[in-house]
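Below, chains carry the letters A, B, ... as their sequence lines are ordered, and counting in each starts from 1. These numbers come from the heavy atoms of this one structure, side chains and all, not from hydrogens, waters or symmetry mates.
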2 protein chains.
Amino acid sequence: MKKVSLKDIATEAGVSTALVSYVLTNKDKKARIGEEMAKKIREIARKLNYQPNHIARSLKSGRSFTIGLIVADISNPFFANIARTIEDEAKKHNYNVIFGSSDENVDKSQDLINVLVNRQVDGLIITPTEGSEQQIRQLQEQKIPFVLIDRFFPEIAASYIAVNNRESAAGAVSHLIKAGRKRIGMVAYKTTLHHISERIGGYQDALQQHGIKATNSLLKKARYSHLKEDIRLAIDELLKGKHPADAIFFATNSLAIEGLKYINTLGIRIPDDLAVITFDEGEALDLFYAPVTFVRQPILEIGKAAVRVLLEQILDGTTTTTAICIDTTLVVRKSCGSR
Amino acid sequence: MKKVSLKDIATEAGVSTALVSYVLTNKDKKARIGEEMAKKIREIARKLNYQPNHIARSLKSGRSFTIGLIVADISNPFFANIARTIEDEAKKHNYNVIFGSSDENVDKSQDLINVLVNRQVDGLIITPTEGSEQQIRQLQEQKIPFVLIDRFFPEIAASYIAVNNRESAAGAVSHLIKAGRKRIGMVAYKTTLHHISERIGGYQDALQQHGIKATNSLLKKARYSHLKEDIRLAIDELLKGKHPADAIFFATNSLAIEGLKYINTLGIRIPDDLAVITFDEGEALDLFYAPVTFVRQPILEIGKAAVRVLLEQILDGTTTTTAICIDTTLVVRKSCGSR
DNA sequence: CTTGCAAACTTAAACGTTTAAGCATATTTT
DNA sequence: AAAATATGCTTAAACGTTTAAGTTTGCAAG
């Protein structure tokens, strides 16, 4: 049973394919098609269960109505939910999403970009990995519309959607200070990515603002590639000595979850022995015996904004960049002690 | 900067596009192209940074090298990881994945199928929703290759990849019995989907096998659409009365997570007051103070098998169905008490 | 009864590939 | 030396759409 094409309908109706095309794309008014003929064609189309061939359409129009999405890690619920939001939002505009996960790997990122561009996506939404500046610049040269999310490169003028990481981090740390914590440690990723630097900056801002000296011994960085080991080490170091940390600020949910898994094994009680706060939500953090206070990034808003900005760029064909910075909210729960 | 096409290369080299096509698709041997000409063409292609237009290629070949994936809920880590595995596996075979989440909604499922089929996917991998039998039958009639995962309809002969739900569930429940639990409740979804029925069946099998009478008062079903409320109700009912349940078997991870969130608020201690066991993993279950014993479904294996079976069907053009049933493993942790 | 124009359709080219078939020219086989 | 085969390339059609431009017919206006 071959696919039904315009030609089949045309033959059945005894007319040209052009006529059928006009009718089925609702240009019958503009193209002055006779009413009864239009009706007849629509009927035959329904009878034969005609489904337009999207590929042929794309070839003709030069647009695929597909956007490519590259997330840093699809198994992270933050990105999974971003992906879902973007998919939903794109569908509202009759766009589809092809996605891939770069797993924070710059080569995989390049591969994905190549594949998606070959597939003629009309634009890209990307969480750029560390060291992918060149890839981004190349997209600009090729005039391929794209929007960065979650992270961006301050030295590259490109559209992006991000949250005010610095202020949000500072807010989280201030919360710890107000809850009476004195020795506040931070666990971040070892990366040059701007959003992480900003979160670290915010941590330091808050300490300074409250007259606490930020010492390097309380700032720990874990490699994405050696998460488990590095986190164990970091937490060991934070909690050892005469003056152990009495609070930890995790820069992302994956860090927090790994960290808490380890903390659990140490018999340390949250929030009595240690307060914990993190960026990003996650079911694991809800279910934790002391539900974890966290900085909520408005995923829905981010996803919607990303699609909106990208589609504007695609439709207008403009090169103007739009940078959007969204506020977060601090969701206070038990992990920092009651106030 | 327009995209570079075969024609551009052909013009630059002073030859026909056919020649260029032969060379760049490595059919130069077969098509008896001169060596130096082949070299020249390849050089020009590199110089102009030629990227083949996948859409044109698809139109010609009638194949899109894209598979459509419909999961039941992308925000569920089980499906997110399935999606990731399938994407990776597909990429190995030079296939891309377009995905969508049906959110267990039969209309959304139909929408997704339509969209994906219009996009000319070469085949589909689907977690069918309740009531989607007709959709599946229609795919069969249209001779569109597809593979069901996670669930299937016993009355429809179609390829599927699933786990031995009944035996796995029975194993889990046996584990509870061996751990000394007497009054074992189960929380499942209110659905006619076969995999859930099987898990319920396995629960009953195990009870019977150990000479315990399966009573309906210990079997609770929650609606997907009213998860929170129904789970609260279910758990209230299981734990009330003179003879409250001393163990609960959750049919999926989403049920377990919602259930445990509520159980947490009741001040009930796991495993002392109540043993808990569930299907599927999840970080939340790891981080729980009593890490939850669970039935592990081999996600990697499922994803790989799905892609393999689907590609076989696509390539061979056969209509033969392949049903694969995979074993699970019980991962024992603290939530059922130590043995 | 022309001319003008609107209505209802058709023609044909185009999008970027692939590939069977064709056509010279050169080389080998008989 | 004629016939067969090899070599290196071109032509042209095809995939399923879209759409500008063209054609035919009928009818009202001049």
Side-chain angles (χ1 to χ4, degrees), chain A residues 1-42 44-45 48-66 94 117-122, chain B residues 1-42 44-45 48-66 94 117-122:
Chain A
M1 194 159 59
K2 268 289 267 81
K3 283 271 175 65
V4 179
S5 74
L6 285 187
K7 205 194 277 179
D8 300 319
I9 301 179
T11 310
E12 175 94 7
V15 297
S16 70
T17 62
L19 192 49
V20 180
S21 173
Y22 283 127
V23 171
L24 296 184
T25 50
N26 295 313
K27 299 204 181 61
D28 47 340
K29 286 275 131 47
K30 220 176 136 192
R32 307 165 315 206
I33 313 293
E35 256 187 63
E36 39 208 314
M37 183 52 91
K39 206 173 148 198
K40 181 176 170 192
I41 287 173
R42 273 187 245 274
I44 295 177
L48 299 184
N49 188 30
Y50 169 73
Q51 300 289 116
N53 182 326
H54 207 277
I55 288 185
R57 208 173 251 182
S58 292
L59 181 58
K60 188 80 225 304
S61 67
R63 296 178 51 194
S64 63
F65 289 92
T66 303
N94 281 315
V117 169
N118 278 14
R119 298 258 156 175
Q120 316 298 124
V121 295
D122 293 340
Chain B
M1 194 159 61
K2 269 289 267 77
K3 284 269 175 65
V4 178
S5 74
L6 284 187
K7 205 194 277 180
D8 300 319
I9 300 179
T11 310
E12 175 93 8
V15 296
S16 71
T17 61
L19 194 48
V20 179
S21 172
Y22 283 127
V23 171
L24 296 183
T25 50
N26 295 313
K27 299 203 181 64
D28 47 338
K29 287 274 131 49
K30 219 174 136 194
R32 310 163 314 203
I33 314 293
E35 255 187 62
E36 37 208 315
M37 182 53 89
K39 209 174 144 196
K40 182 177 171 190
I41 287 173
R42 272 187 245 272
I44 295 177
L48 299 184
N49 188 30
Y50 169 74
Q51 301 289 119
N53 183 324
H54 206 277
I55 289 185
R57 207 172 253 179
S58 292
L59 180 58
K60 189 79 226 303
S61 67
R63 295 178 50 195
S64 64
F65 289 94
T66 303
N94 281 316
V117 169
N118 278 13
R119 298 256 156 177
Q120 316 297 126
V121 294
D122 292 340

For this session: Can you tell me the distance, in whole Å, between the CE atom of A:Met37 and the C1' atom of C:dT10?
Result: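 Rounding to the nearest Å, CE of A:Met37 and C1' of C:dT10 are 12 Å apart.
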For this session: For B:Glu35 and D:dG8, give me the distance from atom CD to atom P, rounded to whole Å.
Result: 9 Å
Rounded to the nearest 0.5 Å, how far apart are [atom1] of [X] and [atom2] of [Y]?
{"X": "B:Leu6", "Y": "B:Thr11", "atom1": "CG", "atom2": "OG1", "result": "10.5 Å"}
{"X": "B:His54", "Y": "B:Ser61", "atom1": "NE2", "atom2": "OG", "result": "8.0 Å"}
{"X": "B:Lys60", "Y": "A:Leu59", "atom1": "NZ", "atom2": "CG", "result": "12.5 Å"}

Seminar exercise, completed: Pairing string of DNA chain C (Watson-Crick or G-U wobble, both atom distances under 3.5 Å; | = paired to other strand) is ||||||||||||||||||||||||||||||
Just wondering, do [Y] and [X] contact through their side chains at under 4.5 Å, heavy atoms?
{"X": "A:Met37", "Y": "A:Val15", "result": "yes"}
{"X": "A:Ile41", "Y": "A:Ile9", "result": "yes"}
{"X": "A:Gln120", "Y": "A:Ser58", "result": "no"}

For this session: Grab the two heavy atoms, one from A:Thr17 and one from A:Lys7, that are nearest each other, plus how far apart they are.
Result: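 A:Thr17 and A:Lys7 have their closest heavy atoms at CG2-CA, 3.8 Å.
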For this session: May I have all residue pairs that pass salt bridge (charged side-chain N to carboxylate O under 4.0 Å, His left out) and include part of residues 8-22 of chain A, sequence neighbours excluded?
Result: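 Of all non-adjacent pairs touching residues 8-22 of chain A, those that pass salt bridge (charged side-chain N to carboxylate O under 4.0 Å, His left out) are A:Glu12-A:Lys47.
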Exercise. Which is true for A:Gly34 with a 4.0 Å heavy-atom rule: it touches a base, it touches only sugar-phosphate, or it touches nothing?
Worked result: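 Sugar-phosphate contact only.
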Side-chain donor/acceptor pairs under 3.5 Å, residues 21-35 of chain A, sequence neighbours excluded:
residue, atom, partner, partner atom, Å
A:Thr25, OG1, A:Ser21, O, 2.6
A:Thr25, OG1, A:Tyr22, O, 3.4
A:Asn26, OD1, A:Arg42, NH1, 3.3
A:Asp28, OD2, A:Arg42, NH2, 2.6

If you restrict it to nitrogen or oxygen atoms, what contacts under 3.5 Å exist between nucleotides 24-29 of chain D and the protein, and what is each distance?
none

For this session: List the protein contact pattern of nucleotides 13-22 of chain D with one symbol per nucleotide (5' to 3'): B for base contact, S for sugar-phosphate-only contact, - for none; contact means a heavy-atom distance under 4.0 Å.
Result: -BBBBBBB--
For this session: List in chain and number order the residues that pass ring-ring contact (aromatic ring centres under 6.0 Å, His included) with A:Phe65, two or more places apart in sequence or in another chain; answer none if no residue qualifies.
Result: A:Tyr95
